[in-house]
Every structure is written in structure tokens, then in C-alpha cells.
Amino acid sequence: MTKFSDLKLDPKVLSAVADAGYETPTPIQAGAIPPALEGRDVLGIAQTGTGKTASFTLPMITLLSKGRARARMPRSLVLAPTRELAAQVAENFDVYAKNTKLTKALLIGGVSFGEQDKLIDRGVDVLIATPGRLLDHFERGKLLLTGVQIMVVDEADRMLDMGFIPDIERIFQLTPFTRQTLFFSATMAPEIERITNTFLHTPVKVEVARQATTSETIEQKLIEITPARRDTAAKNKRELLRALIRSEGEACTNAIIFCNRKTEVDIVAKSLKAHDFNASPIHGDLDQSQRMRTLDGFRDGSVRFLVASDVAARGLDIPAVSHVFNFDVPSHAEDYVHRIGRTGRAGRKGRAFTIATPADEKYLAAIESLVKAPIPRGEIPEGFAPSVSAPRARASDDAKPARSRSGRGRSRSDSAKTEAAVAETPVVEAVETPRAEPRREDRREPRRDDRRSDRGGDRGGDRGAPVVGMGDHVPDFLLRSFRPRASTASAAKTTRTAVADSATDD
DNA sequence: AAAAAAC
């Protein structure tokens with residue numbers, strides 16, 4: 001088997017690699033490093049967690065160790081889709097270039113230009129950037145890319161997802177035709193294929209087997225609950241999450257909890273904190289310094305639960321996560337694979353729980369067809385006792401009745417709260433309305449049943465799943481109180497606030 | 001039902 005010492009890396013690089021405790025290159029490293037050292041273009045097809053970063057940083061440091069940088073003309077360029085990923089590549093350079101005099105700069109958004117400008121002015125060997133900030137610097141005339149000898153594109157398929165491909169093409173065109181290109185992508189979408197055909201010159205293709213999704217090191221469990229009402233779903237899911245965490249006990253040393261939306265990330269983190277769990281949120285709306293701090297805290301163990309949007313799903317190197325909880329079923333099946341891939345790494349055992357409700361059916365089906373296996377169903381933990389609160393009135397509840405809100409002399413948000421209490425009687429009245437007067441909500445009932453039986457059919461029947469909440473014995477009035485969410489912006493706002501507030505006291 | 005990235 002190949003050792004790092006068999007590769008023609010600079011001795012300074014080799015000693016740094018040895019210091020970091022590595023002896024044997026991963027397949028992508030063994031495949032990509034030799035051609036990269038020969039100056040060939042490399043097309044690497046590999047997922048994260050395969051050692052991809054070192055497969056380009058090690059040869060880059062070796063190649064760049066001769067020669068010196070000139071002001072405003074970086075000698076190499078690494079492009080990454082997210083700020084964290086770029087920061088991580090930068091850290092990688094620090095580790096492996098520690099015995100050299102190479103200089104680097106990290107150009108990412110959310111940070112002031114000043115420091116970045118100063119570094120560029122001085123001249124850097126390695127520039128690591130997200131596309132937006134790089135082009136920003138370029139347009140301000142602070143940067144020349146004509147000196148770039150090596151260009152790396154990391155996670156190209158994700159760049160594609162994020163709409164960065166035009167930026168990438170533009171950056172390619174700003175660098176010399178003679179540059180060496182190292183290009184990495186997890187998949188070869190047609191658009192990626194086109195880019196590589198255009199900008200890579202007879203590349204050496206290095207393909208690493210796709211990470212097995214039903215990896216033996218990841219134990220997956222799907223926990224399904226059927227909230228009695230749609231508006232308690234999130235609350236019930238938070239209760240279930242806590243019960244799951246508690247039932248995992250000590251085995252859960254640290255975990256990433258994924259939500260689909262940034263607002264949900266905030267709510268879940270806040271709720272966990274209120275229940276004395278050591279949790280911190282991370283998503284793209286938080287400021288950069290906080291994102292970094294949270295991530296550092298999670299790495300060093302001072303944060304136990306990282307509540308995250310899909311910023312953290314891919315690429316981030318967070319070693320040794322014992323658990324992943326999908327608070328929401330991801331709507332892109334691919335993301336499921338990336339999310340659960342955050343655990344069970346490097347031969348360690350990991351567990352991945354996914355919380356689902358009947359509304360997630362469609363996405364679950366997509367995930368199961370992608371991974372070509374059903375996600376094993378798990379038991380609802382002992383401690384789960386979902387709360388079912390009395391139906392709460394919505395803005396629409398009091399919109400149609402005789403009482404008009406005009407002339408009340410109260411602000412909308414003020415009145416919404418008081419009316420919520422006032423409106424309880426009308427809701428109960430609606431319950432007693434005989435069926436002879438058909439309501440829109442009645443139509444929901446048969447559909448719910450259909451869905452439930454469909455699912456039983458597809459997934460091998462009812463396994464005697466524990467009855468949750470009121471189970472099938474949900475009083476009709478609860479089902480009937482479903483209302484389509486009011487669509488005006490202000491109504492949506494009040495609803496969201498109500499949920500956010502409830503996060504602390506549920 | 002979305003997230004991410006530029007000011």
C-alpha cells in the first residue's frame with residue numbers, strides 16, 4: 001500500500017503530514033497527488049469525508065514552495081462554495097504548510113475588507129475564497145488573477161446548486177490559460193461536465209467510490225409521529241427530539257440537529273437551551289464571527305448540540321459526531337445522505353434519527369428511492385408525551401364573523417392576541433355544527449385516512465406503531481379545526497411569533 | 001415548505 005512517503009511531496013510537507021499523524025493516503029489522495037505533482041489537471045470525483053482537501057493542499061504546497069509571491073498577484077487560488085468550507089481549507093494549509101514560508105489569505109464575505117486587502121497587497125501564495133467576495137475584490141481593482149498558476153474548484157456540484165457556476169466561469173477566464181486546474185465534484189451533472197470540458201486540459205480523472213449511504217457505521221432510524229393538529233407539529237417534534245436525546249443518554253456525546261429552515265433552527269436551538277440542553281444554532285443569517293465561534297465551540301466540545309441548516313450538511317469537517325437528528329425530513333433527497341454522513345465517520349459508530357410526520361411522505365419516498373433501501377423504523381422513546389393544546393384561533397377565524405376589527409383602536413398584533421382567547425367559543429361552536437352544513441375542513445378527514453393506509457401498504461403494513469398523542473382517537477373537533485394558514489404577510493408574522501414564543505415555554 | 005453567497 002502506498003505511503004505518503006512514497007509520494008513525491010516536499011520533505012517539509014511530509015514532516016507536517018507525519019506530525020498530524022497520517023501515514024497512509026486515502027484513495028482520493030493516492031490517486032490525485034501524483035498527477036497533480038506532475039502539473040497535470042485533475043478531475044476528482046469524490047464526496048466529502050474522503051480526504052479530498054489534503055489531496056489538493058499537499059501537492060499545492062509542494063509545487064508552490066519554489067518561488068515567491070508578488071503584490072496583488074496570488075500564485076494559486078482555491079474556490080469553495082461556503083465560507084466555512086473556505087475557512088476549513090485555510091486551516092488545512094496552516095497545518096500542512098507550517099514548515100514552509102508560504103503565505104495565504106482567506107477571502108470570504110461577512111468579514112471586513114481591510115485585513116484581506118492588506119494581505120493581498122503584500123502578496124500571497126495561496127488565496128482561498130468564496131466566489132462572491134473574490135469577484136468583489138477583483139472589481140475593486142485590488143486583485144490580479146493573471147499570476148495564478150494553480151486553481152482549485154472544490155465542491156463544484158454544490159457551487160452549481162448555489163448558482164455560482166457563472167461566477168466560476170468568469171473567474172476561470174480571469175486566470176491564465178496555462179494554469180493547472182484541480183477540480184472536485186461529488187457528481188458529474190451535465191453542467192459540471194460542460195465546465196470541465198471547457199476549462200480542464202486532458203485531466204486525469206480520479207474517481208472514488210461513492211460513500212455507502214447505508215454505511216455499516218451509521219445506524220439509521222426513522223421516527224414517525226402523527227401530530228393531532230398541524231399547528232402543534234413543530235412543538236410535538238421538539239418534544240420528541242428531547243425525548244430522543246434523553247433516551248440516547250450518555251451515548252449521545254454530541255450531535256448535529258438539522259432543520260430545513262433558518263427560523264426553525266433558531267426556534268429549536270432556543271427551545272433546547274430553555275430545557276437546559278447545551279445547544280447553539282448555525283445558519284447563514286447569523287453573523288460570520290458567531291458562525292465561526294459556534295463551530296469552534298462544537299469542535300472543542302463546549303457546545304454539545306449544533307442546531308443547523310444545511311450550511312453544515314456538507315463539507316464541514318466536524319470529527320466524531322455521535323448523533324445526527326433530522327428535525328425535518330430534508331426536501332432534497334441528496335441532503336439526507338450528506339446530513340447523516342456527518343456521523344459514523346472514520347470507522348466510528350454513529351446514529352442518525354429522522355423525525356417525520358405524514359406531511360413528509362413524499363420526501364421520504366424520494367430518500368428511500370435514492371438510497372435504495374427503506375429507512376429502518378424506530379420506536380418512539382418512552383419519555384415522549386406530546387402535548388395537545390386547545391385549538392388556537394387564527395387571524396382568519398375572526399375575519400369573517402359579524403364582528404369587524406375596524407374601529408377597535410388597537411394595533412393588529414395586540415388584537416390578535418386578545419382575540420385568540422375570545423375566539424375560543426366560536427371554534428367550539430363550529431364543532432357542534434352538524435355535518436349537513438359541509439365545511440372545507442371536512443374534506444381533510446378522508447384524505448388523512450387515505451394517506452395513512454397508503455403508507456401502511458407501501459411500507460409493509462402497520463407494525464403496531466405506538467399510539468401517539470390521541471392516536472387515531474382524535475376528537476373530530478380537533479381535526480376540523482385545521483385551517484389553511486392565512487396568507488397575508490402580517491398574519492404569517494403573528495403566527496410565527498406565536499410559535500417562537502412558545503419555544504421557550506413548551 | 002428552502003439554503004447558500006456580495007455590498
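First the proteins, then the strands, lettered A, B, ... as listed; each starts at 1. Just so you know, these numbers come straight off a predicted model, no measurement behind them.
Within the structure, ring pair (Phe, Tyr, Trp, His ring centres under 6.0 Å) pairs that include any residue of residues 118-177 of chain A comprise A:Phe113-A:His137, A:Phe172-A:Phe199, A:Phe177-A:His201 (at least two apart or interchain).
How far CG of A:Asp360 is from CG of A:Asp328: 7.5 Å, rounded to the nearest 0.5 Å.
Here the two rings, on A:Tyr336 and A:His338, have centers that are 6.0 Å apart or farther. Note: A:Phe258 and A:Phe325 fail the aromatic proximity criterion, with ring centroids not under 6.0 Å apart.
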Take nucleotides 2-7 of chain B nucleotide by nucleotide from the 5' end and write B, S or -, depending on whether a protein heavy atom sits under 4.0 Å from the base, only from the sugar-phosphate, or from neither. BSBBBS

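Using a 3.5 Å distance cut-off with no hydrogens or angles, the side chains of A:Gln220 and A:Arg351 do not pair a donor with an acceptor.
Residue contacts for A:Phe258: at a heavy-atom cut-off of 4.0 Å it reaches no nucleic acid atom on any strand shown.
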